[in-house]
Amino acid sequence: MFGFILWLLLLFLCWPLALLALALYPIVWLLLLPFRLLGIGVEAVFELLRAIVMLPARVLGGSPR
């Protein structure tokens with residue numbers, strides 16, 4: 001909601017820039033999508049490594065977090 005209010009303010013102050021931002025938003029979102037997917041994959045690998053490292057403590061009866 002806050003982003004929409006900021007966009008309306010930009011539309012009121014400088015409408016060509018606001019329309020350009022509105023048109024470029026989907027393109028920028030598509031360009032950044034591979035980096036988001038890469039981040040999800042890296043996070044999954046780190047969670048897997050953490051689970052593998054913590055497995056012996058969990059098997060031996062360590063208390064979970």
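All values reported here derive from a predicted model rather than from experimental measurement. Residue numbers count from 1 along this sequence.
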Report summary line: Cluster membership besides Phe2, Ile/Leu/Val/Met/Phe/Trp/Tyr side chains within less than 4.5 angstrom, sorted by chain and number, is Leu6
Query raised in the report: Using a side-chain heavy atom cutoff under 4.5 Å and only I, L, V, M, F, W and Y, what cluster partners does Leu19 have?
Result: Phe4, Trp7, Leu8, Leu11, Trp15, Leu22
Report task. Check whether Val45 and Val42 end up in the same hydrophobic cluster, where Ile, Leu, Val, Met, Phe, Trp and Tyr are linked by side-chain heavy atoms less than 4.5 Å apart. Result -> yes
Query - For Leu30, all residues meeting side-chain contact (heavy atoms from CB on, under 4.5 Å), sequence neighbours excluded - result: none
**Report entry** Ile27: partners by side-chain contact (heavy atoms from CB on, under 4.5 Å), with sequence neighbours left out
**Finding:** Leu24, Leu31
Report summary line: Under a side-chain separation threshold of 4.5 Å, the hydrophobic residues clustered together with Val53 are none
Query raised in the report: Roughly how far, to the nearest 0.5 Å, is the CG atom of Leu37 from the CG atom of Leu32?
Result: 11.0 Å
Query raised in the report: What pairs with Ile52 under side-chain contact (heavy atoms from CB on, under 4.5 Å), at least two apart in sequence or on another chain?
Result: Leu48
Query raised in the report: Can you list the other members of the hydrophobic cluster that holds Phe12, where links are side-chain heavy atoms under 4.5 angstrom apart?
Result: Leu9, Leu13
Query raised in the report: CZ/Arg50 to CD/Glu43 distance, rounded to the nearest 0.5 angstrom?
Result: 12.0 Å
